[in-house]
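Everything below concerns the one structure shown next.
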Amino acid sequence: MTILLTGAAGFVGFHVARALLARGEAVIGVDNLDPYYDVRLKRARLAQIENAPGFTFHEIDIADREAMQALAGRHRGIGRIVHLAAQAGVRHSLVDPYAYVRANVMGHLVVQEMARHLDGLEHLVYASSSSVYGANTAMPFAETDRVDTPLSMYAATKRADELMAHAYGHLFGLPQTGLRFFTVYGPWGRPDMAYYGFARAIVAGEPITAYDGGNLKRDFTYIDDIVAGVIGCLDRPPDGAVPVRVLNIGNHRSERVGTLIALLEQALGRTAIIKDAPRPRADVEETFASVEAIGALTGFAPTTPLAVGIPRFAAWFCDWHRVAAGNSRNGS
């Protein structure tokens with residue numbers, strides 16, 4: 001089976017690529033190596049897999065329709081697509097909304113158009129986001145909830161992706177699964193994510209900002225659990241008159257950001273300098289995933305609690321940044 005994977009140099013994409021290659025799949029990786037965060041990290045991820053049997057890589061912007069069409073012409077027999085490439089980051093979408101429309105709306109459209117012309121395509125799995133739940137307050141978030149109150153441009157573009165996918169499923173019978181990722185963390189993670197920024201500041205002895213006294217809550221989901229869910233869904237295409245679905249993929253556990261900070265302090269052996277601030281308008285108060293639907297489909301059942309995943313991330317972080325964890329909570 002040949003699988004096209006967009007966002008192959010990204011956090012989730014890299015881990016998905018590694019898992020697919022480990023089970024013998026041929027993977028065509030695509031990424032534009034956007035400098036939104038340190039490209040050295042993206043290249044280092046690619047270096048882990050670039051020599052793996054069955055892997056090929058193309059540095060392409062998914063919004064470049066001519067390049068993507070040419071890619072499809074060069075690689076016959078693509079049977080499945082995992083579309084993870086996107087402009088990420090809730091707060092950055094307030095700074096540069098145009099980048100989100102280009103990558104997340106135009107890029108998604110280009111992938112849809114390419115996919116519908118592929119002979120024998122079985123399934124397209126794409127990344128949506130828990131951000132689409134916006135101002136919802138009922139917990140846990142369920143796929144049947146209304147999602148028409150986005151709080152950021154990032155969320156709005158991800159909801160647009162889901163709507164486009166439904167249109168292409170209706171018009172062309174394109175089998176698709178959208179995965180609403182909840183806060184993903186772990187080794188090789190994204191430096192723009194809060195947990196990574198907290199670790200960097202704690203090690204440097206710099207203050208971190210904990211909104212609303214660290215009482216915001218997130219459904220933190222470890223990368224290995226996410227990969228298992230992505231591949232489980234990829235192996236089970238939807239059917240029916242309109243073969244599309246949207247599924248949550250999370251840890252089914254909502255935990256305080258303050259708990260995350262305490263676990264980072266313990267794993268890094270240093271005490272955080274914490275500043276309090278009001279919650280930004282683009283941030284939701286809590287996320288919490290209902291995972292009954294994906295569990296019924298694939299057997300998905302997250303196995304990594306935050307207390308296990310954070311030390312794993314911290315060990316990788318210290319290795320990547322060549323820093324030693326402190327010997328005590330006072331920063332010694």
Is [Y] close to [X] at the side-chain level, that is, under 4.5 Å between some pair of heavy atoms?
X      : Y      : value
Leu21  : Arg18  : no
Ser131 : Arg180 : no
Glu286 : Leu216 : no
Phe198 : Leu260 : yes
Ile3   : Leu234 : yes
Lys42  : Asp34  : yes
Pro191 : Tyr37  : yes
Tyr36  : Asp96  : no

Would you give the length of the straight line joining atom [atom1] of [X] to atom [atom2] of [Y], rounded to the nearest 0.5 angstrom?
X      : Y      : atom1 : atom2 : answer
Ile208 : Arg200 : CD1   : CZ    : 12.5 Å
Arg102 : Ile62  : CZ    : CD1   : 9.0 Å
Ile202 : Ile273 : CD1   : CD1   : 9.5 Å
Arg116 : Phe172 : CZ    : CZ    : 3.5 Å
Glu255 : Lys217 : CD    : NZ    : 8.5 Å
Leu297 : Thr177 : CG    : OG1   : 7.5 Å

Please check if atom [atom1] in [X] has more than 12 non-hydrogen atoms from other residues, nucleotides or ligands closer than 6.0 Å.
X      : atom1 : answer
Met106 : CE    : no
Glu59  : CD    : yes
Arg253 : CZ    : no
Arg74  : CZ    : yes
Arg23  : CZ    : yes
Asp148 : CG    : yes

Looking only at non-hydrogen atoms, find the nearest pair between [X] and [Y] and report the distance.
X      : Y      : result
Phe181 : Ala127 : CE1-CB, 3.4 Å
Cys233 : Leu247 : SG-CD1, 3.8 Å
Ala85  : Gly7   : CB-N, 3.5 Å
Ala165 : Gln112 : CA-OE1, 3.6 Å
Pro175 : Pro238 : CB-O, 4.1 Å
His108 : Met164 : CD2-CE, 3.7 Å

#### Entry: Worked check of side-chain contact (heavy atoms from CB on, under 4.5 Å) between Val125 and Leu179
CA-CA 7 Å; Val125 172; Leu179 294 176; 3.7 Å; yes
Determine whether [X] and [Y] fall in the same hydrophobic cluster, where Ile, Leu, Val, Met, Phe, Trp and Tyr are linked whenever their side-chain heavy atoms lie under 4.5 Å apart.
X      : Y      : value
Trp320 : Ile310 : yes
Leu263 : Ile223 : yes
Val30  : Ile49  : no
Met68  : Tyr168 : yes

Donor-acceptor contact below 3.5 Å, side chain [X] vs main chain [Y]:
X      : Y      : value
Arg270 : Leu268 : yes
Asp212 : Arg279 : yes
Asp61  : Ala63  : yes
Glu265 : Ala272 : yes
Asp219 : Asn251 : yes

### Query
Does the pair His83 and Leu4 meet the rule for a side-chain contact (heavy atoms from CB on, under 4.5 Å), with working shown?
CA-CA 8 Å; His83 172 39; Leu4 175 63; over 6 Å; no
### Message
Does His15 form a side-chain contact (heavy atoms from CB on, under 4.5 Å) with Val12? I'd like the steps, not just the answer.
### Response
CA-CA 5 Å; His15 283 278; Val12 177; 5.9 Å; no
### Query
Under the side-chain contact (heavy atoms from CB on, under 4.5 Å) criterion, do Arg236 and Arg245 qualify, and how do the steps go?
CA-CA 11 Å; Arg236 295 166 175 83; Arg245 63 187 173 213; 4.2 Å; yes
### Task
Just grab all the ring-ring contact (aromatic ring centres under 6.0 Å, His included) pairs involving residues 264-288, residues at least two apart or on different chains.
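Those involving residues 264-288 are His252-Phe288.
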### Sequence neighbours excluded, every pair satisfying ring-ring contact (aromatic ring centres under 6.0 Å, His included) that has a member inside residues 206-236
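Matches after skipping sequence neighbours: Tyr185-Tyr222.
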Any side-chain donor paired with an acceptor under 3.5 Å for [X] and [Y]?
X      : Y      : result
Gln69  : Glu113 : no
Thr304 : Asp225 : yes
Arg218 : Thr287 : no
Tyr133 : Asn248 : yes
Gln87  : Tyr154 : no
Asn104 : Thr157 : yes

### Task
Could you tell me whether Asp119 and Arg76 have a side-chain N and a carboxylate O separated by less than 4.0 Å?
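Here Asp119 does not pair with Arg76 in a salt bridge, since their nearest N and O are not under 4.0 Å apart.
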### Query
Under the side-chain contact (heavy atoms from CB on, under 4.5 Å) test, which residues partner His75, sequence neighbours left out?
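So His75 forms a side-chain contact (heavy atoms from CB on, under 4.5 Å) with Ile28, Thr56, His58, Leu71, Ile78.
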### Message
So, using salt bridge (charged side-chain N to carboxylate O under 4.0 Å, His left out) as the criterion, who are the partners of Arg65 when residues are at least two apart?
### Response
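Residues passing salt bridge (charged side-chain N to carboxylate O under 4.0 Å, His left out) with Arg65: none at all.
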### Message
Suppose we screen for salt bridge (charged side-chain N to carboxylate O under 4.0 Å, His left out). Which residues come up paired with Asp192, at least two apart in sequence or across chains?
### Response
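Applying salt bridge (charged side-chain N to carboxylate O under 4.0 Å, His left out) to Asp192 gives Arg190.
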### Task
In sequence, state the C-alpha distance, the side-chain angles, and the governing distance for Asp235 and Arg80, and then conclude on salt bridge (Lys or Arg N to Asp or Glu O under 4.0 Å).
CA-CA 9 Å; Asp235 290 342; Arg80 297 176 183 175; 2.7 Å; yes
### Task
Determine the interplanar angle of the Trp316 and His321 rings, folded into 0 to 90°, and report it as parallel if under 30°, tilted if 30 to 60°, perpendicular if over 60°.
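Taking His321 first and then Trp316, their aromatic rings stand perpendicular (interplane angle over 60°).
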### Query
Apart from Val284 itself, which Ile, Leu, Val, Met, Phe, Trp or Tyr residues share its cluster (side-chain heavy atoms under 4.5 Å, direct or through members)?
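Leu151, all in the cluster of Val284.
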### Message
Here's a test for you: under ring pair (Phe, Tyr, Trp, His ring centres under 6.0 Å), which of Tyr196, Phe14, Phe313, Phe11 qualifies with Trp188?
### Response
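Going through the options one by one, the only one that passes is Phe14.
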